[in-house]
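Residue numbering restarts at 1 for every chain, and letters A, B, ... go by the order of the sequence lines.
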Amino acid sequence: MDKVIIAQNLSLAYSKDETIINKANFSIDSGSFVFVTGASGSGKSTLLKSLYGALKPIEGSLVVGGVELCGISSKKLNFLRRHLGIVFQDYKLVKEWTIEKNIMLPLIINGYEKSITQSQVDSLLKHVKLQHQAGKYPLELSGGEQQRVAMARALAHNPILILADEPTGNLDDYSSQLIWNLLEGAHEQLKTTVIVVTHHIPETIKIDYKHYHIEFGDIHEVV
Amino acid sequence: MKSFKNHISLVIALVSILFSLQVFTIVERSIDAYKENLAQNYSLVVVSQKTLQKKELLDKITTLASIEQLSPDNVIKKLNTGISKKNKELLKVTLPKFYKLQLKIYPTPLQLQRLQKELLRYPYIVKVETFSNTHDTTYKLLLLFKNVIFILSLSIVLVTILLIFKELRIWQFKHNERMSIMGLFGAPAWLRSAVLFRLAIVDALIAFGISFVIFSYFSSSAWVSEQFANIGISVIVFDKVYDSLIMLGVSMTVSVLLASFIVLGHKEEV
Ligand SMILES: Nc1ncnc2c1ncn2[C@@H]1O[C@H](COP(=O)(O)OP(=O)(O)O)[C@@H](O)[C@H]1O
Ligand SMILES: [Mg+2]
């Protein structure tokens with residue numbers, strides 16, 4: 001089976017004194033659904049940052065989508081990122097853009113046609129139940145609503161790999177279920193690889209999934 | 001409303017820069033026009049023992065505009081106390097010749113000194129009257145006026161630039177966030193900064209438009225032309241082609257330069 005991520009001897013750190021991930025080895029199959037858990041501060045977000053190339057490994061090798069991220073050129077990194085769908089823990093919505101424009105961002109970057117962009121955004125807004133907020137700005141929405149916008153943006157361009165950092169962290173049960181359904185849908189219908197950082201693996205999840213746990217700088221599979 | 005707020009601070013800064021530049025240009029033009037005016041009214045008087053070769057002198061000293069002999073009759077009339085007609089004729093011949101010299105330019109005191117020396121090199125020229133006292137005062141007054149306006153315009157431009165740099169940090173922060181987010185979704189550098197450059201160009205155009213309207217109004221205002229007419233000059237307050245191009249150029253340059261600062265100062269956050 002194809003591997004979408006291969007990490008060998010991977011170490012991550014923000015400074016020399018403190019390694020967050022220490023010589024981790026793991027690989028993730030293409031088309032799989034993966035939960036990542038771990039105590040707060042254990043390095044879950046840090047791991048995701050390395051996967052989308054915002055944090056360069058200090059040691060080891062990290063291959064994502066067939067591309068080695070150590071010493072990658074910015075042109076190649078941009079190319080890779082255009083095929084990722086990321087939900088950031090702090091959402092990272094553009095404040096001066098409307099909800100609609102925010103969701104459009106990956107479509108614009110990938111050069112989609114205007115008509116396709118619009119219909120795609122309309123359908124996503126419906127899926128995350130925000131069709132009445134399309135013209136509002138991020139700061140006019142609640143935290144949970146912003147999180148749904150971030151989710152819609154991550155799905156907009158049918159990415160090959162979705163990286164979601166606590167995407168239900170701020171949501172009530174009903175909205176959380178909405179998000180899980182979307183991620184499951186993308187996984188089932190489009191064979192998208194999904195990696196979700198979360199505190200609780202939902203009981204309602206119907207599909208096969210893998211579960212990795214981060215502890216003391218180590219990443220290991222929970223079977 | 002939101003986009004209005006995005007534009008207003010840079011537009012105001014740009015307009016104030018364009019405004020002080022144009023005011024300085026207008027002052028410079030008025031002073032030049034006024035100098036020309038002065039040059040027309042200003043003349044030297046030369047006393048010569050011989051008839052001057054006008055053509056030769058005009059060729060040699062290029063700043064001279066015209067040479068005109070003053071009739072000695074006035075002088076003689078003052079001495080007219082029982083001098084016979086014959087003696088009067090004799091006096092007319094022996095009396096030195098007086099000439100009024102006009103210049104093409106309004107000279108600086110230094111130019112005036114040189115001119116005087118040059119004229120006195122001719123052995124038959126015995127005296128050159130430059131009326132230098134009044135000339136000096138007028139000239140220095142003009143210079144003072146120009147310098148004051150220059151310092152004023154310069155300080156407005158400097159203060160504006162300082163304000164812009166203060167604002168720049170805020171803009172940098174604001175645009176940095178958007179550019180980082182676009183980068184995280186794989187936008188190439190040109191696309192990341194496109195919004196910023198478009199904003200900069202639009203702001204430059206708005207600032208230019210506002211200045212264009214203001215100065216077009218000034219240049220057609222009766223009150224303004226009356227002020228210039230009062231001191232006997234006519235000045236081009238705003239040349240709709242030449243001045244417009246300069247304004248547009250300055251506005252675009254400042255604005256695009258600022259945008260480039262922001263783009264170059266952009267750092268991706270971890
Ligand atoms: N930008 C940063 N600079 C320095 N240290 C950081 C940064 N972000 C996170 N850390 C540290 O790295 C460790 C792991 O953080 P993080 O990956 O965000 O944890 P979590 O598992 O809660 O997502 C924490 O000790 C945190 O303080
Ligand atoms: Mg985290």
Side-chain angles (χ1 to χ4, degrees), chain A residues 12-15 20 45-46 48-56 65 67 72-88 90-98 101-111 135-140 150 153-154 156-157 159 161 163 165, chain B residues 1-13 164 166-206 255-256 258-270:
Chain A
L12 301 173
Y14 294 98
S15 68
I20 312 287
S45 298
T46 304
L48 289 193
K49 275 181 207 169
S50 76
L51 295 179
Y52 56 78
L55 183 68
K56 304 264 177 287
V67 186
I72 191 176
S73 71
S74 62
K75 205 173 163 189
K76 268 193 176 165
L77 183 59
N78 282 338
F79 182 80
L80 174 66
R81 282 176 174 177
R82 270 174 253 156
H83 297 287
L84 303 181
I86 314 169
V87 183
F88 301 95
D90 55 352
Y91 324 137
K92 294 201 193 296
L93 301 175
V94 179
K95 290 187 196 69
E96 63 269 26
W97 286 354
T98 60
K101 177 107 192 252
N102 266 285
I103 297 175
M104 269 179 201
L105 178 65
L107 298 165
I108 295 170
I109 292 172
N110 280 287
K136 285 197 179 167
Y137 291 90
L139 294 182
E140 295 168 349
R153 180 179 62 179
H157 51 306
L161 171 61
L163 303 170
D165 199 346
Chain B
M1 194 58 213
K2 212 175 168 77
S3 64
F4 175 74
K5 248 168 56 187
N6 279 343
H7 289 284
I8 192 74
S9 48
L10 181 57
V11 168
I12 287 178
I164 285 180
K166 211 180 133 251
E167 280 281 294
L168 196 65
R169 293 173 53 114
I170 301 170
W171 295 333
Q172 193 138 33
F173 178 76
K174 212 173 71 189
H175 292 293
N176 229 11
E177 188 186 62
R178 188 193 56 241
M179 291 198 288
S180 293
I181 293 172
M182 291 179 85
L184 288 170
F185 282 89
W190 66 266
L191 187 60
R192 270 179 257 172
S193 38
V195 182
L196 187 57
F197 280 107
R198 200 170 56 210
L199 204 71
I201 288 170
V202 168
D203 285 3
L205 286 175
I206 294 174
S255 192
V256 167
L258 284 176
S260 313
F261 277 144
I262 295 179
V263 169
L264 291 177
H266 168 71
K267 280 201 185 69
E268 235 179 89
E269 50 201 84
V270 175

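For chain B, the nearby part of A/Leu93 is the backbone; its heavy atoms alone come within less than 4.5 Å.
The distance from the CD atom of A/Glu96 to the NE2 atom of B/His175 is 7.0 Å, given to the nearest 0.5 Å.
Looking only at side-chain heavy atoms (C-beta outward), A/Asn110 and B/Phe185 stay at 4.5 Å or farther from each other. Residues A/Leu105 and B/Arg178 have side chains not in contact (no heavy-atom distance under 4.5 Å, counting atoms from C-beta outward). Contact of the A/Asn78 side chain with the B/Arg192 side chain is registered, since non-hydrogen atoms from C-beta on lie closer than 4.5 Å.
Closest of all the heavy-atom pairs between A/Arg82 and B/Gly186 is NE-O, 2.9 Å.
A/Arg81 contributes a side-chain N or O that, together with a main-chain N or O of B/Gly183, makes up a donor-acceptor pair within less than 3.5 Å.
The environment of CZ in A/Phe79 is sparse: at most 12 heavy-atom neighbours from other residues, nucleotides or ligands sit within 6.0 Å. Heavy-atom neighbours of A/Lys56 NZ from other residues, nucleotides or ligands within 6.0 Å: above the threshold of 12.
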Take B/Ile181 and A/Phe88 through the side-chain contact (heavy atoms from CB on, under 4.5 Å) test and state the conclusion after the steps. CA-CA 10 Å; B/Ile181 293 172; A/Phe88 301 95; 5.7 Å; no
